[in-house]
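Taking it in order: structure first as structure tokens, then the write-up.
These numbers come from the heavy atoms of this one structure, side chains and all, not from hydrogens, waters or symmetry mates.
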Amino acid sequence: LDGRLCLSNGDSKWLTGIEARKKAHEIRSMNDAVLVGVNTVLKDDPELTVRHVEGINPKRIILDSKLRTPPEAKIIGNDNKCVIFTLDNINENDEYKDEYKIDKISRLKNAGAEIKILPALEIKNILASLVEIGVLNLMVEGGAEVLSSFLRNKIADEIKFFYAPKILGDGKNFNLNLDFNSVSETFSLKKLKSEILDNDILIEGRLSCSPDL
């Protein structure tokens, strides 16, 4: 209820109940792809597939500038639907060397992931590349850094908040580095809808920053 994604120690399982998780999987099935940052992959090792409900698995997109995704990560799966976006340049002083990167790309490809190399992991470039592979409806699922970057760039159209009846106190908020000078500048929700999911609440709407409004 206080807008936290997890406790200060990172624990977040499970905040919401089964009905909310079913709804989240239903939303996944309605999108062409689901996107997360590599920190979510390393922390949670998610599958990001459609379970609990009937539906088609979307593509699974990872933003991973240094290719830290393990080849054995569950998100890669065995259906050739995992796409990893990474950078094409490495700092000369970085211990992460070119030889290692080539080997890591090879192992990730062998595991079933598609690797897309960009000069910069900028959201508009990523979205343009996703359109080229048929992704028109994208669900951004996490984590906080990725969610915040879409909002800061005013590139998000809709948002869906799942509220669990819990107060977590200190912990990570989803709106990192998102600041406004006045209330009139803040984002608001249009076409607001709400739904009770057992003990949890879903609030959703169109974001006022959406280019489509």
Look at atom [atom1] of [X] and say whether more than 12 heavy atoms of other residues, nucleotides or ligands are closer to it than 6.0 Å.
| X | atom1 | result |
| --- | --- | --- |
| Asn78 | CG | no |
| Lys154 | NZ | no |
| Lys193 | NZ | no |
| Asn181 | CG | no |
| Glu72 | CD | yes |
| Ile167 | CD1 | no |

What are the two closest heavy atoms between [X] and [Y], and how far apart are they?
| X | Y | result |
| --- | --- | --- |
| Asp32 | Gly134 | OD2-O, 3.8 Å |
| Val34 | Pro58 | CG2-CG, 3.5 Å |
| Ile76 | Pro71 | CD1-O, 3.4 Å |
| Ile61 | Leu130 | CD1-CD2, 3.7 Å |
| Cys82 | Ile75 | CB-O, 3.8 Å |
| Ala24 | Phe162 | N-CZ, 4.1 Å |

Report yes if some heavy atom in the side chain of [X] is under 4.5 Å from a heavy atom in the side chain of [Y]; otherwise report no.
| X | Y | answer |
| --- | --- | --- |
| Leu87 | Leu118 | no |
| Met139 | Arg28 | yes |
| Phe85 | Asp64 | no |
| Ile115 | Leu108 | yes |

[atom1]/[X] to [atom2]/[Y] distance, rounded to the nearest 0.5 angstrom?
| X | Y | atom1 | atom2 | answer |
| --- | --- | --- | --- | --- |
| Glu204 | Glu158 | CD | CD | 7.5 Å |
| Ile62 | Thr69 | CD1 | OG1 | 4.0 Å |
| Leu67 | Lys104 | CG | NZ | 6.0 Å |
| Leu5 | Asn173 | CG | CG | 6.5 Å |
| Ile56 | Asn31 | CD1 | CG | 12.5 Å |
| Leu63 | Thr40 | CG | OG1 | 10.0 Å |

Check whether [X] reaches the backbone of [Y] with its side chain - one donor and one acceptor, N or O, closer than 3.5 Å.
| X | Y | result |
| --- | --- | --- |
| Ser208 | Ser188 | yes |
| Ser148 | Glu145 | no |
| Lys166 | Leu1 | no |
| Thr86 | Ser65 | yes |
| His25 | Val53 | no |
| Asp198 | Glu19 | no |
| Lys191 | Arg206 | no |
| Ser149 | Val146 | yes |
| Lys74 | Leu48 | no |
| Asp45 | Val41 | no |

Phe150 vs Leu127, side chain to side chain contact (heavy atoms under 4.5 Å, CB included): CA-CA, chis, key distance, verdict: CA-CA 11 Å; Phe150 272 79; Leu127 294 180; 4.3 Å; yes
Would you kindly confirm whether [X] and [Y] end up in one hydrophobic cluster when ILVMFWY residues are joined by side chain heavy atoms under 4.5 Å apart?
| X | Y | result |
| --- | --- | --- |
| Phe180 | Leu207 | yes |
| Leu197 | Leu15 | no |
| Val135 | Ile155 | yes |
| Tyr163 | Ile196 | yes |
| Met30 | Ile159 | no |

Asn57 vs Thr49, side-chain hydrogen bond (donor to acceptor under 3.5 Å, both in side chains): CA-CA, chis, key distance, verdict: CA-CA 5 Å; Asn57 289 331; Thr49 53; 4.6 Å; no
Salt bridge Glu114-Lys116, side-chain N to carboxylate O under 4.0 Å: yes
Carboxylate-amine/guanidinium contact Arg60 Glu141, below 4.0 Å: no
Side chain to side chain contact (heavy atoms under 4.5 Å, CB included) between Ile84 and Val38, intermediate numbers included: CA-CA 9 Å; Ile84 301 175; Val38 66; over 6 Å; no
State whether a side-chain donor-acceptor pair under 3.5 Å links [X] with [Y].
| X | Y | result |
| --- | --- | --- |
| Ser8 | Asp170 | no |
| Thr16 | Asp200 | no |
| Arg68 | Asn39 | yes |

